[in-house]
Structure formats: C-alpha cells, structure tokens
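See below for the structure under consideration.
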Amino acid sequence: MVRLRVLGGGRRVGASALLVEGSKGRLLLDYGVDISGPEPLFPLHVRPAELSAVVLSHAHLDHSGAAPLLYVSVKPKLFATRVTLQLSELLIQDFMKLSKYYIPYEVEQVAEMLSSATIVEPGAVVEERGMVIRFWSAGHIPGSLMVEAEIDGVRLLYTGDFNTIDTRLLRGASLEPFREADVVVMEATYAAFDHPPREVVEKAFVSDVLEVVEGGGTVLVPTFAVGRAQEILAILTKHGVRHPVYIDGMARRVNAILLENLDSLRDPDLFKAAVRRAIHVNGWEDRRRALQEPSIIISPAAMLKGGAVVHYARELLENPRSAIFFVSYVMRDTPARTLLEEGVLELENLRKSVAARVEWYDFSSHCGRSELLKVIESLDPQARLVVVHSDEKVGAQFSEYVGKTFGIRTFYPADGEVIELP
Ligand SMILES: [Zn+2]
Ligand SMILES: [Zn+2]
C-alpha cells in the first residue's frame, strides 16, 4: 500500500508539500511556505529523521521555503537541479531578510540543506530505498522538475508547477511520463482559465512597448525576479527591440545564475544576447539615467510591494506618455491590483491617480485549462488523478469535471488528508 499524505498545498496555492509513504521508505516532494498573507504559513509537520529523501521540484518559495526546517537536527538527502539549488538559496535568503515575522530556521539550516543535496537534471534516474525516482523537465521556471517515482509497484507522477507550452525561455514539459502513470498529482492553478496563445501575447506586448517608447515615454515592467524577468528580456531581444532595456533588483543576480546554467534554457544564445544588451542597474545614478530617456525598465517586485520598482512607479505615474505594463499574475490586495483595477497608485503614504498607461499581459508559466485537459486525455483510463495547488472552488469544479467527462477517478484532498493507493 502506498500512502499520499498532503502536508500543504491541498485546496489552496502555497506551502506545497506531499509525503509519499511506501513499504520501504518515505519520500517528501516539496516543502514550501505560503507568503500570500501577512504572516508566512508552513506545511504540516513531518519527522525529518523518517524521510528517505526530499525532492525540491523548483525554487519558488511555495515549494522550497520551508525545506530548511528539515535540517535542524538531521540531514535528509535532497534532490534538485543545480539551478533550483542556486535560485532557492537566493529566494530563501531574501525571504529571511524581508520577513517581518519569525522564521523557524537560520542560515545554518539553509547551508545544511544545500550541502545535503545531490544535483539531478532532467532525465536522471536515482534509486533510494527501493524507490526508483526519475526526473522530467517541467517547463515552469528554469530548473523546474516533474518527479516520477515507482514505489511498491505504483508509478506516481508529481507535476510540481508545470507548463506544457514552449516559451521564449523554456521548452514545455513532455506528456510522455503521464501516459504510463498510475497516479498523477497535478497542480491546477489555472484550471478555470485559458491563456491566449503565447505568440499573440508576445506581439501585443512588443507592439505596445514600441508605441510608448517611440512616443518618448518609459515602460516600467514590474515582474518576478525569477523566470518572467528573463523571459521579457528574451522576448524584447528576439523581436529586435533596440531601445535601452534596464534591469534592476534581484533579477540581475538571477541572470548571473542562469548564465552559469545555460543548459536549463531553451535558447542559450538568445539568452546570452539578451543579457548582453541589458543595462544592469547598479545604484541611484543608473536609476536616474533610466528615467531620463525613453526606455524599458524591468524591475521586481511584481506586486509593487517594495523595492526599486516603487521608485520608478512614483516617478512615472504622472506622465501620460509613459506606461506600467504588468506581465505576471496580479494578486488580490496588492498595490499592483489596485493600480490595474482603479488606476490609482496606493502606497504607504500616497494615493494618487495615475496618468500613465497601465496594461496587463497574460504571460503564464502554468498550464491553462486546455493544456491541463490535454494532459488528462493522455492518461490511462485506469489512472487516478489527485488535484492540488489551486484555489478551492477552481480545483473542486475541475476535479468533478474530469471525473464526469473522462471517467477518471479523481481526488481533491485538503491539507492533512491521506490517500491510500492499494
Ligand atoms: Zn512555481
Ligand atoms: Zn507553486
């Protein structure tokens, strides 16, 4: 009997953690933190001494941010790609620095975690206490993996966060491992929506950028430091945009990490060219210069919650020739959302109507509904589907729809629930 114990990410997005228990060992897939609210939330407890191994699917904090907690007294073996290790170190350190709340681990545990890691890349197969684990590229962010594990004769596939379409930065995830799986644990972030075709979004974005810059304005692109910032850089380069592109904040360090890991990208030459043409902002003098000429400024944080992006937004907001273009999912209760919905920039001691143009572009690093359904079509009719990593209503409707339409047995577990697979 194989048991799946949902420790986090059940019926919600955040703090993903799944414990897989077989007769010979226990495998922990992700151990993330939920930072969507004011206070960070951690997954349910697991005894690190009982773990045969831990796998980090990718570096995003909702999958990696609680993992150092496992390295307080013992050192469970960890598997991840080299990029994931480097990026999660960066993201976890940033999380520790910026959190206003107590975090139950220190830099020592982060170091222990990294030194316990075995680097794996897509295609690798490892055996750990009778469990055969195979890694597949997930197409979500650089270094992201899907994890296939054969335990007591059950073939399980954990998607982590995944995307099956090609983007400028990454190749889409393969459908191959889905065909043979007995159980698929699948994220369903966008199970209720379809994303427009990537080429259409890219074209609209580039043409709007050119319109603003050629009209003498500046385009501010608030974005996540990992993945989207680099994709935007690659898109501007691919489409031959010749205007100055500035890149600020943590995205610069992510660029440096990816330059050391070009194998993780779809088109290493395009990425190298994109980084070479970008102007890396190294202080206030550069920031001033960026705002003085028609240019494109790529800067974290995506939700306008802090960082250099706030400075740029304040400087641009009264200029109708300039623009703020969002390229990431915009969360509720953030300054970014207020700006998009009300045209008002609301910061700690400021509330101002914005004259600059504000737009949102649906670049996504997750499968949309059609992609998820295509994946499900490729499953064996006897396979079981466990839906995780989605808003409650979205996931519930989706798993019900899949059960009815495809006759596949589906589960929609909450945190703490256990699924037994005979
Ligand atoms: Zn992710
Ligand atoms: Zn996630």
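Both counts, for ligands and for their atoms, begin at 1 and track the order of listing. As the structure is a prediction and not an experimental result, all values here were calculated from the model.
- Among the atoms of H58, none of the N, O or S atoms falls under 2.8 Å from the Zn ion (ligand 2).
- T223 and S328 make their closest contact through OG1-OG, 3.7 Å (heavy atoms, listed as atom of the first residue, atom of the second, distance).
- Heavy-atom contacts from other residues, nucleotides or ligands closer than 6.0 Å to CZ of R369 number more than 12.
- In this structure, Y312 has its ring center no closer than 6.0 Å to that of Y246.
- Nearest to the Zn ion (ligand 1), among the N, O or S atoms that H60 has, is ND1.
- As for D62, its N/O/S atom nearest the Zn ion (ligand 2) is the one called OD2.
- The atom name of the N/O/S atom in H389 closest to the Zn ion (ligand 2) is NE2.
- Between the Zn ion (ligand 2) and the N, O or S atoms of D161, the shortest distance is to OD2.
- Ring geometry, F363 versus F205: the interplanar angle exceeds 60°, so the pair is classed perpendicular (tilted spans 30 to 60°).
- Taking backbone and side-chain atoms together, H140 has an N/O/S atom less than 2.8 Å away from the Zn ion (ligand 1).
- Remark: E392 engages R11 in a salt bridge, criterion side-chain N to carboxylate O under 4.0 Å.
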